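This report concerns only the one structure given below.
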Amino acid sequence: MPNSKAPVITIDGPTASGKGTVAHRVALALGFHYLDSGALYRLTALAALRKEVDFSDEHALAKTATALHCHFSGEHVFLANEDVSAAIRAEEVGNAASRIATFPAVRQALFGLQLNFRQPPGLVADGRDMGTVIFPHAPLKVFLTATAEARAERRYKQLIDKGFSANMHDLLQDLNERDARDANRPIAPLKPAEDAFLLDTSHMSAEKAVNQVLYWFAAAKRRDEKKPPAGH
Ligand code: DC
């Protein structure tokens, strides 16, 4: 059962904005659980690609999401019992994930799964709609941004480090296409929650971004401790 009292920090932002690294390190620093919601879309996309599901068939894609047999262990992600941590990071899978994420039935199928990650002592949730749709009452919402060039450069380094080949020009083009699709879809588009803190990480180290989030969280905790309990 998800625990509705466990505090949640939502960290949303576009692809390669650094949210994965920042969210993961914030979770480690606080001893909180970590939800990589993008991984759930990527796992669904990978499962659908492997089963050769028709990518225009919303119902079949939602069924694939509902039947997703996955688990996380540290930094590893498993589909059934296969470690697919590297496979889900391939650009082809990221693009497929962005496409299936436009379908309301797929988003609905992954909704409850995401809520289940909210467990004591707390959760850091990373994605596109964590603050706007999944955890709208989170005590701290952060939206990370970075220029497309800075993000393409980061993605390039990540891919090369993981042994994939990469080309800056293609990456920048893919990233712009994916941003446009994530931002313009009618359901749960990529946009900051009204009460989100914005953080531009284009010229910022991960360490500095993490410290900023921890500082905001400490301030949010102090603010909430001063509030009278609900119903009074
Ligand atoms: O963060 P990422 O690149 O791993 O996410 C892959 C795709 O999944 C992204 O292009 C859009 C989709 N996604 C989403 O729609 N909502 C989320 N909360 C997380 C990811």
Side-chain angles (χ1 to χ4, degrees), residues 8-24 34-49 55 58 61-62 64-65 68 70 72 75-77 79 84-118 123-136 138 141-146 148 150-152 154-159 162 164 166 171-193 196 201:
V8 181
I9 300 174
T10 61
I11 303 190
D12 288 309
T15 196
S17 56
K19 58 189 165 42
T21 308
V22 172
H24 192 71
Y34 169 56
L35 164 61
D36 173 2
S37 62
L40 298 178
Y41 288 90
R42 287 172 182 266
L43 281 163
T44 307
L46 181 65
L49 285 168
F55 268 64
E58 177 169 0
L61 291 167
T64 308
L68 207 59
C70 67
F72 292 78
E75 297 197 5
H76 291 264
V77 186
L79 185 60
V84 291
S85 320
I88 61 162
R89 296 294 148 203
E91 282 302 285
E92 184 202 3
V93 178
N95 281 324
S98 166
R99 275 167 43 212
I100 64 164
T102 61
F103 290 121
V106 172
R107 306 199 71 84
Q108 188 56 39
L110 295 176
F111 186 77
L113 192 56
Q114 295 175 85
L115 294 186
N116 282 337
F117 279 78
R118 184 177 197 170
L123 173 69
V124 182
D126 142 6
R128 303 288 186 292
D129 60 342
M130 298 295 101
T132 47
V133 177
I134 309 292
F135 301 110
K141 300 175 188 174
V142 179
F143 192 87
L144 291 192
T145 56
R151 291 186 289 125
R154 273 182 207 154
R155 178 51 51 86
Y156 180 84
K157 283 193 190 133
Q158 277 173 0
L159 288 170
K162 290 194 170 127
F164 291 110
L171 276 179
L172 195 56
Q173 193 175 331
D174 274 1
L175 205 125
N176 283 326
E177 276 170 21
R178 202 186 305 180
D179 279 359
R181 197 162 42 223
D182 292 350
N184 297 322
R185 65 183 178 221
I187 178 161
L190 170 68
K191 66 161 195 248
T201 65

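As a basis for the values below, the full set of heavy atoms in this structure was taken, side chains included, without hydrogen atoms, waters or symmetry mates. The chain is numbered in sequence order, starting from 1. Counting starts at 1 for both ligands and their atoms, following the listed order. Keep in mind that this is a model prediction, so the values were computed, not measured.
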May I ask you to list the atoms of ligand 1 that are less than 4.0 angstrom from any heavy atom of Ala101? 12 (C), 15 (O)
Report, in ascending order of atom number, the atoms of ligand 1 lying under 4.0 Å from any heavy atom of Arg178. 3 (O), 10 (O)
To check your reading of the model: name the closest protein heavy atom to atom 4 (O) of ligand 1, its residue, and the distance in Å. Arg42 NE, 2.6 Å
Proximity of [X] to ligand 1 by residue part, where a heavy atom lies under 4.0 Å:
X      : answer
Asp182 : side chain
Arg181 : neither
Glu177 : neither
Arg185 : side chain

Hey, is [X] close enough to [Y] for a salt bridge, meaning N to O under 4.0 Å?
X      : Y      : value
Arg128 : Asp12  : no
Arg151 : Asp179 : yes
Glu91  : Arg178 : yes

Between Thr201 and Arg154, do the side chains contain a donor N or O and an acceptor N or O under 3.5 Å apart? yes
Could you tell me if any non-hydrogen atom of Arg99 lies under 4.0 Å from any atom of ligand 1? no
